[in-house]
Amino acid sequence: MSFELPKLDYAYDALEPQIDARTMEIHHTKHHAAYTSNLNAALEGTGYEGKKIEEVLANVDKLSIAVRNNGGGYYNHNLYWKVLTPGGSNEPKGELKDAIVRDFGSVNAFKEAFSKAAATRFGSGWAWLVKNNKGLVVGSTPNQDNPLMSVSEVKGVPILGIDVWEHAYYLNYQNRRPDYVEAFWKLINWDVVADYFHG
Amino acid sequence: MSFELPKLKYALDALEPYISKQTLEFHYGKHHQAYVNNLNNLAAGTEFENATLEEIVKKSSGGIFNNAAQVWNHTFYFDQFDKDGCKEPKDELKASIEKAFGSVDTFKEEFTKAAATLFGSGWAWLVQNAQGGLEIVQTSNAGNPLSDGKKPLMTCDVWEHAYYLDKQNARPKYIEDFWKILDWKVVAERM
């Protein structure tokens with residue numbers, strides 16, 4: 001059994017104007033598809049075929065760099081598509097909101113910390129909201145690394161992530177990464193983030 | 001003293017159709033300029049305030065390094081292009097390439113592979129090592145071979161901003177076009 005490129009829950013143009021249809025189509029059918037097929041190829045003969053992606057990521061230090069890069073690329077984009085929804089949905093509430101307020105002071109302070117992590121990640125990478133044994137933390141990882149990986153500086157379960165590879169925003173925003181990050185907040189599906197929070 | 005964005009030696013549309021005017025407007029006018037501005041802001045009031053760009057690249061780390069190296073790298077990158085330039089290495093450069101890689105074609109294949117496989121943002125380089133021999137190296141993000149005591153001779157920027165407006169995910173197509181605008185005369189002068 002091998003990993004498959006997931007279908008999106010919405011059309012490519014559904015996230016406009018924040019994310020344009022052309023960016024979405026290339027991001028999904030080219031970038032994400034390549035990570036998926038490269039991951040399957042990299043796992044051949046490793047003994048990890050058929051394992052869950054989370055188990056693969058937890059063991060990337062024992063596997064090839066191709067598994068780390070493409071396994072991360074596969075998982076990270078799955079999460080990214082899931083936490084987005086046309087027009088956004090709700091705001092943090094209930095226990096998720098309580099945890100955000102407890103660990104960041106306020107929802108706005110959390111958003112500022114997350115936006116800063118996204119804006120200042122130099123080169124390609126991701127910014128994350130992560131749940132771990134300390135509570136909720138914001139962090140970022142280079143390239144396609146993520147907090148489930150043994151090699152990651154920030155560790156835990158990612159419950160929200162933003163792709164800050166230039167391919168995620170360049171056709172629409174070019175060098176203006178902060179504008180993309182600002183637009184991202186209008187697309188968050190907080191119900192899905194809450195589901196990941198409750199695990 | 002502050003750093004300034006060096007002037008391009010050609011018009012923004014001079015590399016069309018291989019690199020579009022729009023790409024250069026952003027790559028030179030926005031990205032390169034932003035690295036210059038950030039460097040000036042970060043260096044002010046530090047030990048690097050009056051240092052040369054090369055000194056900062058060799059001695060600094062963190063944010064100052066990232067911006068200084070990106071200023072250096074982009075200046076070096078833009079300066080090596082001329083659509084009507086010299087299309088093949090000659091003389092001493094050609095001999096050095098053949099000595100290190102067997103043939104010019106083999107070198108091009110290996111350099112293309114280095115540029116295509118650098119994961120994430122970064123640069124592929126042809127460098128001259130301390131013994132005078134040639135090598136291909138890859139650096140991530142702002143990385144520069146001067147940090148390892150190697151002398152850069154040519155470079156290919158594989159940050160997505162270098163090609164995404166023109167080629168999107170097709171980085172190999174961008175590298176293929178890179179060879180069509182590289183001026184080997186500039187590379188030879190750097191030896």
Side-chain angles (χ1 to χ4, degrees), chain A residues 20-39 42 60 64-74 76-77 116 119-126 140-146 151 163-180, chain B residues 5 20-39 41-42 60-71 73-74 116-123 138-144 157-174:
Chain A
D20 63 285
R22 186 160 170 249
T23 294
M24 286 296 296
E25 183 168 359
I26 296 169
H27 203 173
H28 183 238
T29 66
K30 304 291 185 184
H31 293 279
H32 197 184
Y35 292 127
T36 305
S37 60
N38 291 342
L39 170 63
V60 288
S64 70
I65 189 73
V67 171
R68 175 175 169 177
N69 290 342
N70 293 292
Y74 169 74
N76 297 346
H77 288 89
K116 188 178 174 195
T120 56
R121 163 52 55 187
F122 189 73
S124 301
W126 293 73
S140 74
T141 52
N143 296 332
Q144 295 295 354
D145 287 356
N146 72 44
V151 296
D163 187 349
V164 293
W165 282 59
E166 288 171 323
H167 67 232
Y169 60 87
Y170 211 80
L171 297 179
N172 209 1
Y173 297 94
Q174 296 83 44
N175 60 307
R176 302 182 305 281
R177 189 194 287 186
D179 291 356
Y180 157 69
Chain B
L5 182 68
S20 69
K21 180 182 178 190
Q22 193 196 14
T23 289
L24 279 189
E25 280 170 352
F26 285 105
H27 201 181
Y28 171 73
K30 301 293 183 183
H31 292 279
H32 199 182
Q33 180 71 64
Y35 293 126
V36 171
N37 296 347
N38 293 341
L39 172 61
N41 290 334
L42 290 167
S60 68
S61 59
I64 291 192
F65 172 80
N66 285 342
N67 287 286
Q70 285 294 76
V71 172
N73 296 354
H74 282 92
T117 59
L118 187 285
F119 192 72
S121 301
W123 302 77
Q138 297 170 311
T139 61
S140 290
N141 295 335
N144 183 303
D157 185 351
V158 292
W159 282 60
E160 287 172 324
H161 66 230
Y163 59 87
Y164 213 79
L165 295 177
D166 297 339
K167 310 291 200 305
Q168 295 82 50
N169 61 303
R171 190 193 288 184
K173 182 77 180 89
Y174 157 71

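So you know, we letter chains A, B, ... as the sequences are listed, proteins then strands, and number each from 1. This one's a predicted model, so the numbers in the text were calculated from it and none came from an experiment.
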Report which part of B:Ala142 has an atom under 4.5 Å of a heavy atom belonging to chain A: side chain, backbone, both, or neither.
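Both parts, backbone and side chain.
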For B:Phe119, check ring-ring contact (aromatic ring centres under 6.0 Å, His included) against everything at least two apart and list the hits.
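A:Trp165.
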Least distance between heavy atoms, [X] atom then [Y] atom:
X: B:Phe26; Y: A:Asn175; value: CD2-OD1, 3.5 Å
X: B:Ser121; Y: A:Ser124; value: OG-OG, 2.6 Å
X: B:Asn141; Y: A:Phe122; value: ND2-O, 3.6 Å

Quick check on the interface: out of A:Arg22, A:Arg176, A:His27, who has the most heavy-atom pairs with chain B under 4.5 Å?
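Among the listed options, the one with the most contacts to chain B is A:Arg22.
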Most heavy-atom pairs under 4.5 angstrom with chain B, which of A:Ile65, A:Asn143, A:Asn69?
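Top option by heavy-atom pairs under 4.5 Å: A:Asn69.
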Sub-4.5 Å heavy-atom contacts with chain A: which residues of residues 157-164 of chain B show up?
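If one takes a 4.5 Å heavy-atom cut-off, the residues of residues 157-164 of chain B near chain A are B:Trp159, B:Glu160, B:His161, B:Tyr164.
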How about residues 62-71 of chain B versus chain A: which residues have heavy atoms under 4.5 Å apart?
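When heavy atoms of chain A are the reference, residues 62-71 of chain B contributes B:Asn66, B:Gln70 within the under-4.5 Å range.
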For B:Lys30, look at atom NZ and say whether over 12 heavy atoms of other residues, nucleotides or ligands are found less than 6.0 Å away.
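No, not enclosed.
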Output all residues satisfying side chain to side chain contact (heavy atoms under 4.5 Å, CB included) with A:Ser37, sequence neighbours left out; order by chain, then residue number.
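In terms of side chain to side chain contact (heavy atoms under 4.5 Å, CB included), with neighbours along the sequence ignored, A:Ser37 is linked to no residue.
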